[in-house]
Amino acid sequence: MNKGAPIESWLSDMDGVLVHEGRPIPGAAEFLQRLQAARRPFLVLTNNSIYTQRDLSARLAALGLPVPTESIFTSALATAAFLADQRPEGSAYVIGEAGLTTALHEAGYVLTDIRPDYVVLGETRTYSFSQITQAVRLVDGGARFVATNPDPVGPSAEGSMPATGAVAAMITRATGVEPYFVGKPNPLMMRTALNRVAGHSESTVMVGDRMDTDIVAGIEAGMRTVLVLSGVTGRGEVERFPFRPTAVVPSIADVAAMVDDPSLLDRDEPTTH
């Protein structure tokens, strides 16, 4: 990638970057304010498929983080766009919540348990054994298996909880069928996000808290990447990965300065404040 290209747009993960356990991370509001003041196109990306864009915009606003609805892109939206492209006006059996079901409805999909084209697995706070059993039987019967994201665990106020990747593994073990994961780190989601901000990989930065999803997705898409240490990946884990972010900083508060001074990113070695 060309590290000298001017930075024109930004992509940012949500959980662990802007918010943590339902609270805003210090510096997140300033980061968003600087983006808007500089008129930089940006998207907040999340692998969480539970909420709709409007839901997330309202939840972020309540935390003092104003993000327009159109500046939020979820794995549910990416999954719906993918399915609409692959099999327009198809059908799906869905395990998930409003974010996913709404996205699929708006993409023209019929949600059914009668000979669906796809079994679509997303995030939910109440996984049902009967739903998982139904999914296993439908996949065994020939339905194609798609999941919104591969994250094995997700955050909660009480600690980690099983997420889409873990439940997908159950269905795979029972059927022998691997799902197609649409969300990060699939480059498909990153390319779609770039299209939404009318951005180019060489002039876009990806900010995230996970080396195994956010950072690798940004690198594979040809973007500069910033790892914040306020979420999943700790400082000691960074060197265990075969790929490296452009910069490593404690939190989004450090990234806010990069909006005004992009030269902070153009270094040969990752920043380690």
Side-chain angles (χ1 to χ4, degrees), residues 11 43-53 56 69-70 72-124 127 131-132 134-152 163-201 206 212-214 216-218 220-223:
L11 305 179
L43 272 185
V44 173
L45 307 181
T46 177
N47 265 355
N48 189 320
S49 63
I50 291 178
Y51 303 106
T52 66
Q53 288 171 291
L56 288 173
T69 299
E70 63 272 14
I72 295 173
F73 189 55
T74 72
S75 64
L77 293 169
T79 299
F82 168 74
L83 294 181
D85 178 68
Q86 292 291 304
R87 190 173 291 265
E89 298 183 353
S91 60
Y93 176 72
V94 178
I95 299 177
E97 298 199 24
L100 182 57
T101 56
T102 299
L104 287 169
H105 272 305
E106 292 180 349
Y109 258 62
V110 172
L111 307 189
T112 180
D113 60 359
I114 302 173
R115 296 186 297 279
D117 298 316
Y118 297 93
V119 164
V120 181
L121 175 66
E123 212 76 65
T124 175
Y127 285 110
Q131 286 182 313
I132 294 171
Q134 179 73 300
V136 167
R137 292 170 179 168
L138 291 171
V139 171
D140 274 340
R144 301 154 188 85
F145 186 19
V146 170
T148 57
N149 67 87
D151 298 7
T164 305
V167 179
M170 292 175 58
I171 297 174
T172 294
R173 187 63 183 267
T175 62
V177 177
E178 296 278 349
Y180 180 71
F181 292 109
V182 178
K184 296 176 294 181
N186 191 335
L188 176 68
M189 183 168 178
M190 307 307 290
R191 286 196 297 271
T192 305
L194 281 172
N195 288 337
R196 292 204 170 202
V197 295
H200 191 282
S201 59
M206 175 67 201
D212 58 347
T213 55
D214 306 317
V216 70
E220 290 181 350
M223 290 181 271

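Predicted model only: the values in this text are computed from it and were never measured.
- Listed by chain and residue number, R210 satisfy the salt bridge (charged side-chain N to carboxylate O under 4.0 Å, His left out) test with D212 (two or more places apart in sequence, or in another chain).
- Closest approach of A76 to G99, counting heavy atoms only: CB-O, 3.5 Å.
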Candidate pair K184 and N149, rule side chain to side chain contact (heavy atoms under 4.5 Å, CB included), full reasoning:
CA-CA 6 Å; K184 296 176 294 181; N149 67 87; over 6 Å; no
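- Two residues are said to be in side-chain contact when any heavy atoms from C-beta on lie closer than 4.5 Å; P179 and V146 fail this criterion.
- Heavy-atom minimum distance, A135 versus V119: CB-CG1, 3.9 Å.
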Could you go through R87 and R144, starting from their C-alpha distance and side-chain angles, then the distance that decides it, and tell me whether this counts as side chain to side chain contact (heavy atoms under 4.5 Å, CB included)?
CA-CA 11 Å; R87 190 173 291 265; R144 301 154 188 85; 3.0 Å; yes
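- Judged by distance alone, the side chains of D117 and Y109 never bring a donor and an acceptor atom under 3.5 Å apart.
- The environment of CD in E89 is sparse: at most 12 heavy-atom neighbours from other residues, nucleotides or ligands sit within 6.0 Å.
- When all heavy atoms are compared, the tightest approach of T172 to V177 is OG1-O, 2.9 Å.
- Without hydrogens or angle criteria, Q53 side chain to T69 main chain gives a donor-acceptor distance under 3.5 Å.
- In terms of heavy-atom proximity, E123 sits nearest to T148 at N-OG1, 4.2 Å.
- I171 has its side chain within reach of V136: a pair of non-hydrogen atoms, C-beta onward, lies under 4.5 Å apart.
- Atom CG of N195 sits about 11.0 Å away from atom NE2 of H200, to the nearest 0.5 Å.
- A donor atom on one side chain and an acceptor atom on the other are found under 3.5 Å apart for T124 and E97.
- Here the OG1 atom belonging to T52 is positioned 12.0 Å from the CG atom belonging to L100, to the nearest 0.5 angstrom.
- Residues E220 and M190 fail the side-chain proximity criterion, which asks for heavy atoms closer than 4.5 Å.
- Judged purely by atom type and a 3.5 angstrom limit, S91 has no side-chain atom pairing as donor or acceptor with the backbone of L111.
- Remark: the backbone N or O of S49 is not paired with any side-chain donor or acceptor of T74 at under 3.5 angstrom.
- Between the side chain of D113 and the backbone N or O of Y93 there is no donor-acceptor pair closer than 3.5 Å.
- Here the side chains of M189 and F73 are in contact, with some heavy-atom distance below 4.5 Å.
- Annotation: side chain of T192 is not in contact with side chain of F82 (no heavy-atom distance under 4.5 Å).
- The distance from atom CD of E106 to atom OG1 of T101, rounded to the nearest 0.5 Å, is 9.5 Å.
- The two residues A92 and V120 have their closest heavy-atom pair at CB-CG2, 3.8 Å.
- Using a 4.5 Å heavy-atom cutoff, the side chains of N47 and P150 are in contact.
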Show, in sequence, the C-alpha distance, side-chain angles and deciding distance for F145 and L138, and conclude whether the side chain to side chain contact (heavy atoms under 4.5 Å, CB included) test is met.
CA-CA 9 Å; F145 186 19; L138 291 171; over 6 Å; no
T79 vs Y118, side chain to side chain contact (heavy atoms under 4.5 Å, CB included): CA-CA, chis, key distance, verdict:
CA-CA 11 Å; T79 299; Y118 297 93; over 6 Å; no
